[in-house]
Engineer: 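The structure follows.
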Amino acid sequence: MSRPRSAQPDPRATLRSGLPDRYLTPDDIAEIFGVPLETVYQWRRKRTGPPGFRVGKHVRYDPAEVGVYVTQLKSVDRIAA
């Protein structure tokens, strides 16, 4: 007889620094930053946005690295102000 599944949330769904605990897609990045998807692709081509990596033909972003990128943007903005 199997035990009923507990009501604990799936650990993969846990948030880390406000970002999902999974690799992000370009669509996710566009939604997070409130920019068009094409802007995300331009950032990647120009190497100006958050660092991404390829898994086969798909681009993915590590949420931890996206968080570091945002922190860097904030610090540059504070210095410029």
Side-chain angles (χ1 to χ4, degrees):
M1 178 192 271
S2 68
R3 292 181 7 183
R5 194 166 192 181
S6 67
Q8 294 178 351
D10 182 351
R12 292 171 294 182
T14 303
L15 295 180
R16 175 178 50 213
S17 301
L19 295 171
D21 194 18
R22 62 174 171 78
Y23 290 124
L24 304 169
T25 66
D27 288 322
D28 294 329
I29 297 297
E31 184 178 333
I32 288 167
F33 288 102
V35 298
L37 183 59
E38 184 55 36
T39 299
V40 176
Y41 290 126
Q42 287 176 12
W43 287 346
R44 182 152 166 82
R45 281 192 295 275
K46 295 176 182 178
R47 297 182 190 271
T48 59
F53 61 95
R54 287 201 168 276
V55 178
K57 65 179 183 174
H58 304 284
V59 176
R60 295 293 180 259
Y61 298 85
D62 185 337
E65 290 183 7
V66 173
V68 169
Y69 172 75
V70 169
T71 302
Q72 289 172 345
L73 285 178
K74 287 179 180 179
S75 67
V76 167
D77 192 45
R78 286 185 191 124
I79 292 169

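The structure presented is a predicted model; accordingly, all values stated were derived computationally and were not measured.
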Engineer: Does CD in E31 sit with more than 12 non-hydrogen atoms of other residues, nucleotides or ligands closer than 6.0 Å?
Structural biologist: no
Engineer: For R60 and Y23, work out which heavy atoms get closest and say how close.
Structural biologist: CB-CB, 4.1 Å
Engineer: Under the side-chain hydrogen bond (donor to acceptor under 3.5 Å, both in side chains) rule, collect the residues that match up with T39, sequence neighbours excluded.
Structural biologist: none
Engineer: Locate the shortest heavy-atom distance separating Y61 from P50; write the atom from each residue and the value.
Structural biologist: CE2-O, 3.3 Å
Engineer: Assess whether atom CZ of F33 is packed by more than 12 heavy atoms of other residues, nucleotides or ligands within 6.0 Å.
Structural biologist: yes
Engineer: When you group the ILVMFWY residues by side-chain heavy-atom contacts below 4.5 Å and let the links chain together, are W43 and L73 in the same group?
Structural biologist: yes
Engineer: Mind listing the closest non-hydrogen atom pair of F53 and R44 along with its distance?
Structural biologist: N-NH1, 4.1 Å
Engineer: Which atom pairs, one a donor and one an acceptor, fall under 3.5 Å between side chains of residues 63-72 and the rest of the protein, sequence neighbours left out?
Structural biologist:
residue	atom	partner	partner atom	Å
Y69	OH	T48	O	3.2
T71	OG1	G67	O	3.0

Engineer: Just so I know, are the side chains of V59 and V40 near enough to count as touching, which here means a heavy-atom distance under 4.5 Å?
Structural biologist: no
Engineer: Can you name the salt bridge (Lys or Arg N to Asp or Glu O under 4.0 Å) partners of R47, sequence neighbours left out?
Structural biologist: none
Engineer: Say whether I29 and V35 are linked into one hydrophobic cluster, either directly or through other cluster members, by side-chain heavy-atom distances under 4.5 angstrom.
Structural biologist: yes
